[in-house]
Each structure stands twice: as structure tokens, then as C-alpha cells.
**Q** 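Sharing a structure here in C-alpha cells format.
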Amino acid sequence: MAGVELLSDQGFRIDGRRPHELRKIECRLGVFRQADGSAYIEQGNTKVLAAVYGPHEVRGGRGKALHDKVVVNCQYSMATFSTGERKRRPRGDRKSQEMTMHLQQTFDATILTTLYPRSQIDIFVEVLQADGGNYCASVNAATLALIDAGIPLKDYVCASSAGFVRDTALVDMNHLEESSGGTELIIATLPKSQQIVFLEMNSRLHEDNLSAVMDRAVAGCTDVYNVLDTAVRDHVGETAAAIGGDAA
Amino acid sequence: MVDVNLSEAEKTFIVHGIQDNFREDGRSNEEYRQMDLETGLMSNTSGSARLRLANTEILVGVKAELEEPKPEKPDVGRLEFFVDCSANAAPEFEGRGGEELATEMMNLLYRAYSASTVLDVSSLCLQSGKLCWVLYVDVLLLECGGNLFDAASIAVKAALFNTKIPSVKVRQEEGEETELEVSDDPYDVRRLDVSAAPTVLTLSKIGHNHIVDASQKEEACCLARLMMAVTASGSVTATVKEGRGSLDPDSITEMMQVGKRVGKAVNEKLLETLKEEEQKGLKRKTVGFLR
């Protein structure tokens, strides 16, 4: 790798993690009162807010409505101050449009879409601070927001990335590791059934190493799932206690 | 604008309450709602602030960049405002839906900061005609709960207070290119003096009375608003009348008086809070959206 050493001889990464360690995840459900569901997640220095509206009537012409399933509408945008170099536009550029499409596909595969024909669900994702793994953090935040909104899902969707440096697979890449130009594999899974709903790989990788990298990423997704699940259970427990119910 | 639908009866209830100086949430006509302010929470900005005013949530990030000054003003740096209404706040803002409101907010901020007395922009110039700091002030609207303009301007002032500009040494030797040395020491920074910076105060005319800090429901009853940028000394740097209704000159004078008084108090309280937060220094733990 040019210039920086992504993995030291002692087996530590630039930010002091071991190859299999995720960055610290902190999250909160129900950040906003107006949205039907909302969540905030921090994965290391990457910070993402997600809001969910719906299911509601289809906006912008009835023509868009589908007779057999719900329309999943996503928007990915990044705050102009989220990146190191200031962004000129928060959305509408090629990268954000691609992200929007990826989110849409991911959640179309996860939401039980047939339950709400002729309706629409909006998922809005706002990246406040970008430090690598933007797609992963967006998916994780959106999952929490959908759960907060009470929308039926097949399972949590958890996303994680993995790279390959010095014959070792690294999970949950940060910005520095991502921008070094090496391999990056991004995966979103349904952890219970171990199904992959999204997969993307940049740069080249020898076929022999693919399964190692993939296993690392899937393991990362499972770790993310455990954190998210704890957060959801805590949140539900707190809410139940607040209304005087029994925390399940 | 994000509208709420109110019935005639609900509107009458709100208007009658305001007549008796007792609003639907128990406030008097010149009272603000609870504010929650935090600065310095985004690590890749020069300065940032998050403000929550009841249900209104604003995040402001300031980025300082080195650029060439404008040819017509070679000796001063400048502020560039940008407002983004996130779709998180309201589904109507999706795509380009929030642009109208964003432009309106942007224009008001430009106008409020256009007076030469509010911020010493000449200190942002490093080399006349060649190099100056440009402060990109980016406002992100995350949730709408009424009184967006006031909230945005308060958050902007707080973020500017929090802004740390790295010190720069410019060296120029005879016949050679200028050399820049930007300090990377996080403590070797310059702060801005925001004591004369304005915040916007909106007075909404409802019935025959005017109120400050209108909630979303109250905004639905309001026909005309007077927005003014007031500094801590009580001087007004910009005034805009907005809304479908009209105002007569007498009530404008009266509203200006109230605006100056309340605006001054808001500014004083804001500076006090910011200094208090500053004093906590490194012991302060940033909570951000994790509350």
C-alpha cells in the first residue's frame, strides 16, 4: 500500500483495531417526533440520521402506485459539511443517486411489501459526518428507523464492509482504508437466514481470497446485528416502562 | 413552508388565547420555548452547533477554506451561507421540494450579516487581493416545529462562536512565490468575535397582537410576519416583512420595539450560555443526537 501502512506487523490497523473488530457503534431510536420512525447511528466517526414516513398514500400522481405492493421511496443525502472537503450539493450527484438506488433495492427486498398495496413508504437518510462505510451506516440506521416506525420486515438488514490488506481480511473499513484504493466488499445481509440482499465489490481480488473476505464481512454483519438488536430491545423496554407496561 | 391543517375552531382558540396573553402551550406572547444548544459536535468542521427549539432541530457546520477574495472587495474575507432542508424534516422537502424555503432562509442570513459592523471580515483577509478565509456556513434543517428562521440564526451564531480558524503565516520574499504555513496545532487557532453578530427575531401578527417564537400551529394562524436581525446591543441589521397579510406602519413601529427588546435578551442569554459551555472545556461530553 502506498505511503500508509494499513496493517502493522503486530496486526493492528491504523485506528488501533484488530482486523476482525468493528468500530464503536452507538445508536438511538426515535430521535424525531414528527417522523413515523427515526434513528441515529454512529459507527466510529460516521454519523447518520434516518427518518421513515409511512405507509401513506402515494404522493406525486396516482400513476406511481403499485397494485400489488408498496412503493419504497428512498433518498440519500449528505450534509455539505459531512466530508473533509466541503460538498457543493447535498444530493443529486452521481454518487448519491447510486446510493439512493442501492438503498431502494436493499429495502425492497426486506420490507414485507405485499402488505401495503397502493401505498408508499419513504426512507430518508442524511449523512451528517462521513468517515467510511456510509452505505453500511445508512442501511443500519434505516433498519432501526423502520423498526421504530413499526413496519413489518423479514428481518433486520445489517450491512458491513471488508477489505483485504497483507493477506488479511479487515472488517468495517474507515475512510482512510477505503480511500487507499484496495479491495472493498460491501455486503448487506438478513442475519437470521444469512441471506445476502446487497453485494458490491470495488477493485480486484484473487478468487481464492474471496471467501475469506466475504466471511469476514458476513461476520461483521452478525456483530452489527447483535448491537442493533440490543439497542432495539433496550428502546422497547424503556418505552414500555414509560407507559407503565411490562418490559418484554 | 410546512403547513399544518387547522380547523376554524382551532384557529379561533389560538387567536383568543393570544388576545389574553396566554398561548396554547401556556406561554405569554413574548416568551420563547425551551432551547437546547450544543456546539463543537462535528469533528470535521471548523465549527458546529446543534439547536433544538421544542420540535425544531437545526444543525450548522462551518468550514473555513482559503480562497481568493472577490475582485471588488480585495481586502476582506467573506461568509457564504447555504441552507438545506433535509427530507427528514418533512417528506415535501424531498428532491428539490425544500429549495424555496431554503432560499428564503439563505437570503435572510445573507442580509442579516451584510452590515459591516456585525463581523470583522477584514481580519479574515491574509493577503490583499490574493488570499482570504471564506467561511462556508451550512445550515441543515432536520425537523420543523415552527420558528425556523430564529432557530437557524441562533444556531449560526453559536457555530460561528465555536469556529476555530487555524493560524496562517504568510511569507513573501523578494521576487519569490508566497509561501503559506498553515498551523496544524489544534490549539494554535483564531476565534471570531461574534459579540456583535445578529440573531433573527420573528414577530408573528395574529389577530391584533404579535407574538415571538410561534409554534407550527400558531404559524398556521398568522397572516403577516416581521423578521428582524437584532444584535446584542439592540441594533437592527435587517428587516423583512413576510406573509400574505399586510401590516400598518403603527404596528410595525410597535413590533420593532418589542423585537429589539426580546432580541437583545435572546442575544445576551445566548452569549452567556456559549461562554458557560466554553468554560467546561474538555470535561464536557458531547451528546449530539444520542441524548
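Here is the naming used below: chain letters follow the sequence lines, and residue numbers restart at 1 for every chain.
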**Q** Pull out the residues in residues 131-140 of chain B that come under 4.5 Å of chain A, heavy atom to heavy atom, sorted by number.
**A**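 Only Tyr136(B), Asp138(B), Leu140(B) of residues 131-140 of chain B have a heavy atom under 4.5 Å from chain A.
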**Q** Answer with side chain, backbone, both or neither: which region of Arg89(A) has an atom nearer than 4.5 Å to a non-hydrogen atom of chain B?
**A** neither
**Q** Does atom NZ (Lys64(A)) have a neighbourhood of more than 12 heavy atoms from anything else shown, all under 6.0 Å?
**A**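 Yes, the 6.0 Å shell around NZ holds more than 12 heavy atoms from other groups.
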**Q** Return the minimal non-hydrogen interatomic distance between Ser82(A) and Asn44(B), and the atom names on each side.
**A** O-ND2, 2.7 Å
**Q** Is a donor on one side and an acceptor on the other found under 3.5 Å between the side chain of Gln34(A) and the backbone of Ala90(B)?
**A** no
**Q** Could you check which of Pro91(B), Gly145(B), Gly61(B) has the highest count of heavy-atom pairs closer than 4.5 Å to chain A?
**A**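 Most pairs with chain A among the choices: Pro91(B).
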**Q** Give the member of Asn45(A), Thr83(A), Asp131(A) that has the highest number of heavy-atom pairs under 4.5 Å with chain B.
**A** Thr83(A)
**Q** Flag yes if more than 12 heavy atoms outside Arg96(B) fall under 6.0 Å of its CZ atom; otherwise flag no.
**A** no
**Q** Do any of residues 46-57 of chain B come closer than 4.5 Å to chain A, heavy atom to heavy atom, and if so which ones, in number order?
**A**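 Interface residues of residues 46-57 of chain B: Arg52(B), Ala54(B), Asn55(B), Glu57(B).
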**Q** Under 3.5 Å, is there a donor-acceptor pair between the side chain of Tyr40(A) and the main chain of Gly288(B)?
**A**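 No.
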**Q** Which heavy atom in Gln75(A) sits nearest to a heavy atom in Gly95(B), and how many Å separate them?
**A**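 Smallest heavy-atom distance, with atoms named: OE1-N, 2.7 Å.
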**Q** Measure distances from Asn73(A) to the heavy atoms of chain B and classify the residue's part below 4.5 Å as side chain, backbone, both or neither.
**A**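 It is the side chain, since no backbone atom gets that close.
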**Q** Answer yes or no: does atom CZ of Phe13(B) have more than 12 heavy-atom neighbours from other residues, nucleotides or ligands under 6.0 Å?
**A**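 It does not: Phe13(B) CZ has 12 such atoms or fewer within range.
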**Q** Measuring from atom CZ of Phe289(B) to atom OG of Ser38(A), what distance do you get when rounded to the nearest 0.5 angstrom?
**A**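 If I round to the nearest 0.5 Å, the distance is 11.0 Å.
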**Q** Can you see which heavy atom on Pro90(A) is nearest to which on Phe82(B), and at what distance?
**A**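 Closest pair (atom of Pro90(A), atom of Phe82(B), distance): CD-CZ, 3.8 Å.
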**Q** Looking at every heavy atom in both Arg91(A) and Cys85(B), which two are closest together, and how far apart are they?
**A** NH2-O, 3.5 Å
**Q** Is it the side chain or the backbone of Phe32(A) that comes within 4.5 Å of chain B heavy atoms, both, or neither?
**A**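 When you check distances to chain B, atoms from both the backbone and side chain of Phe32(A) fall under 4.5 Å.
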**Q** Measure distances from Asp84(B) to the heavy atoms of chain A and classify the residue's part below 4.5 Å as side chain, backbone, both or neither.
**A**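 When you check distances to chain A, only side chain atoms of Asp84(B) fall under 4.5 Å.
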**Q** Given 3.5 Å as the limit, does a donor-acceptor pair link the side chain of Arg86(A) with the main chain of Lys63(B), or not?
**A** no
**Q** Identify the heavy atoms of Gln129(A) and Met42(B) that sit nearest to each other, and give their distance.
**A** OE1-CA, 3.4 Å
**Q** Using a heavy-atom cutoff of under 4.5 Å, enumerate the residues of residues 112-125 of chain A that contact chain B, numbered in order, or state 'none'.
**A** Asp122(A), Phe124(A), Val125(A)
**Q** Go through the atoms of Ile41(A) and report whether side chain, backbone, both or neither lie under 4.5 Å from a heavy atom of chain B.
**A** neither
**Q** Any heavy-atom pair between the side chains of Leu142(B) and Leu49(A) that's under 4.5 Å?
**A**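 Contact flag for Leu49(A)/Leu142(B) side chains = yes.
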**Q** Just so I know, are the side chains of Phe81(A) and Val62(B) near enough to count as touching, which here means a heavy-atom distance under 4.5 Å?
**A**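 Side-chain contact under 4.5 Å: no.
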**Q** Determine whether more than 12 heavy atoms belonging to other residues, nucleotides or ligands lie under 6.0 Å from atom CD of Glu100(B).
**A**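 It does not: Glu100(B) CD has 12 such atoms or fewer within range.
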**Q** Can you tell me if NE2 on His235(A) sees more than 12 non-hydrogen neighbours from other groups inside 6.0 Å?
**A** yes
**Q** Donor-acceptor check, side chain of Glu26(A) to backbone of Leu290(B), threshold 3.5 angstrom: yes or no?
**A**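 Here the side-chain-to-backbone pair does not exist.
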**Q** Sequence neighbours left out, what passes salt bridge (Lys or Arg N to Asp or Glu O under 4.0 Å) with Glu85(A)? Give chain and number order.
**A**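 Salt bridge (Lys or Arg N to Asp or Glu O under 4.0 Å) check on Glu85(A) returns nothing, list empty.
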**Q** Which answer fits Thr45(B), side chain, backbone, both or neither, if we ask what part of it has an atom under 4.5 Å from a heavy atom of chain A?
**A** side chain
**Q** For Lys217(B), I'd like to know if atom NZ has over 12 heavy atoms of other residues, nucleotides or ligands within 6.0 Å.
**A**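 Counting neighbours around NZ of Lys217(B), 12 or fewer heavy atoms of other residues, nucleotides or ligands fall under 6.0 Å, so no.
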**Q** With a 4.5 angstrom heavy-atom cut-off, is it the side chain or the backbone of Ala130(A) that approaches chain B, or both, or neither?
**A**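 Interface part for Ala130(A): backbone (N, CA, C, O).
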**Q** Check whether any side-chain heavy atom of Val31(A) lies under 4.5 Å from a side-chain heavy atom of Glu143(B), and answer yes or no.
**A** no
